[in-house]
Amino acid sequence: MDQFTCLRYECVQAFEAAMLSLWNETPFWVALALFTLMPAICALLVGRIITSLFTQAELDRNATLGAAKFNVLVSIYSVVLALTLVGSWDAYNAIRDSMRKEVSSLYTLNLVIDFYRGEANAPLRNEMRSSMAMYIAAMVDGEWPYLRTGVLERSAEPEFRRMVRAFLDVEPTAQYQDSMSGNVSIFLDTLSEARISRLWAHSRAMLVMGWTLLFAVTVAVLSFQWFFGGGMGQLQYLLGFGVSLISGMVMFLSARLAYPFSGAEPFLNYLPYLRILD
């Protein structure tokens, strides 16, 4: 059972990594079109199957019952769609706040370096600056691709530990430096917590099962409107297009918020980290 669970988890991770890789390579407007058109195309295909299996008279007789079922389905779908959007917005805010705390802590630590004045502290200042630069470079080159693709090729943990040691292994030579050392520990704790939250961003994103469920319910909603009957095929096409347009845009926004580091134009990038070294 444990091996099966591990295999299933690896399969889900591999599938999600493949989807994120495709998501990163797809231009913004193409991705928006896909999110909007894919449910509509699937629904229209199902609609063609429905109209081939049932006559218009049979659809007209089931119009009242179909409308009642459609209302129930739409109510369930509205709840699922709302929870998806709210959950994605909450995940985005949590990731953005963690990133702000991390950048703020790094910026403050960079200002702390200048408090260790004098020629005697020159090697200490150089080690602090170099270790911070190495950590940011390792984070951008190693950990940031993981945030975009879900595949971790290189961790910045060694560089992070070196930077922590550079700031903690300091012998204060003045009273203000002694007072500053306590604040440095707080800054490093905040930085460590924010870094962990950033690296765990994918764990708060929607799983493949959640997206599959949302897509399936979307197609069901768009397909079920063919049971309305009425003898007006254009009305069904128009209704399907309108619903697919709204639901596709909400799904697209939810995906963008759930994975803010991914996509052709991501909401969050590593430029604030690089500006610290300027």
Side-chain angles (χ1 to χ4, degrees), residues 12 15-50 66-67 69-97 99 147-150 201-228 230 232-269:
V12 171
F15 181 78
E16 188 174 18
M19 291 297 99
L20 286 177
S21 179
L22 180 62
W23 176 254
N24 292 327
E25 298 174 359
T26 305
F28 176 85
W29 293 109
V30 176
L32 179 60
L34 289 176
F35 268 82
T36 305
L37 296 179
M38 282 182 61
I41 293 174
C42 293
L44 293 178
L45 291 176
V46 175
R48 298 299 297 175
I49 296 174
I50 292 174
K69 292 182 178 180
F70 182 78
N71 291 332
V72 174
L73 189 61
V74 167
S75 299
I76 298 175
Y77 177 69
S78 300
V79 174
V80 174
L81 200 63
L83 291 176
T84 302
L85 186 59
V86 171
S88 300
W89 176 250
D90 181 68
Y92 170 74
N93 284 328
I95 297 171
R96 183 190 59 183
D97 293 342
M99 185 173 167
L147 299 175
R148 288 180 55 81
T149 64
H202 283 291
S203 67
R204 292 193 297 268
M206 292 185 64
L207 297 176
V208 177
M209 184 179 298
W211 287 113
T212 304
L213 174 63
L214 183 60
F215 181 79
V217 178
T218 303
V219 174
V221 170
L222 294 173
S223 303
F224 212 86
Q225 45 93 15
W226 287 91
F227 284 97
F228 280 172
M232 296 181 59
Q234 293 84 357
L235 180 61
Q236 273 86 347
Y237 283 107
L238 182 61
L239 179 60
F241 176 77
V243 175
S244 66
L245 182 63
I246 296 174
S247 60
M249 292 180 66
V250 174
M251 289 175 61
F252 179 75
L253 179 60
S254 299
R256 293 271 294 172
L257 291 173
Y259 302 97
F261 301 108
S262 304
E265 299 177 7
F267 284 152
L268 302 177
N269 55 51

Item to check | side-chain contact (heavy atoms from CB on, under 4.5 Å) between Leu81 and Leu85, worked out | outcome: CA-CA 6 Å; Leu81 200 63; Leu85 186 59; over 6 Å; no
Checklist outcome for this item: Sorted by chain and residue number, the side chain to side chain donor-acceptor pair (under 3.5 Å) partners of Asn269 (sequence neighbours excluded) come out as none
Checklist entry - What distance do Arg96 atom CZ and Trp89 atom CH2 have between them, rounded to the nearest 0.5 Å? => result 5.5 Å
Item to check | Test side chain to side chain contact (heavy atoms under 4.5 Å, CB included) applied to Pro260 and Ile95, Leu147, Asn93, the passing residue | outcome: Ile95
Checklist outcome for this item: dist Phe252:CZ -> Leu257:CG (nearest 0.5 Å) comes out at 10.0 Å
Checklist entry - Which heavy atom of Ser254 sits nearest a heavy atom of Ser88, and at what distance? => result O-OG, 3.2 Å
Item to check | Gap separating the CZ atom of Phe267 from the CE atom of Met99, nearest 0.5 angstrom | outcome: 13.5 Å
Item to check | Closest contact, heavy atoms only, Arg148 versus Pro266 | outcome: NH1-CG, 3.7 Å
Checklist entry - Would you call Tyr92 and Leu268 a side-chain contact if the rule is heavy atoms closer than 4.5 Å? => result yes
Next on the checklist: Tell me whether Asp90 contacts the main-chain N or O of Val86 through its side chain, where contact means a donor paired with an acceptor under 3.5 Å.
Outcome noted: no
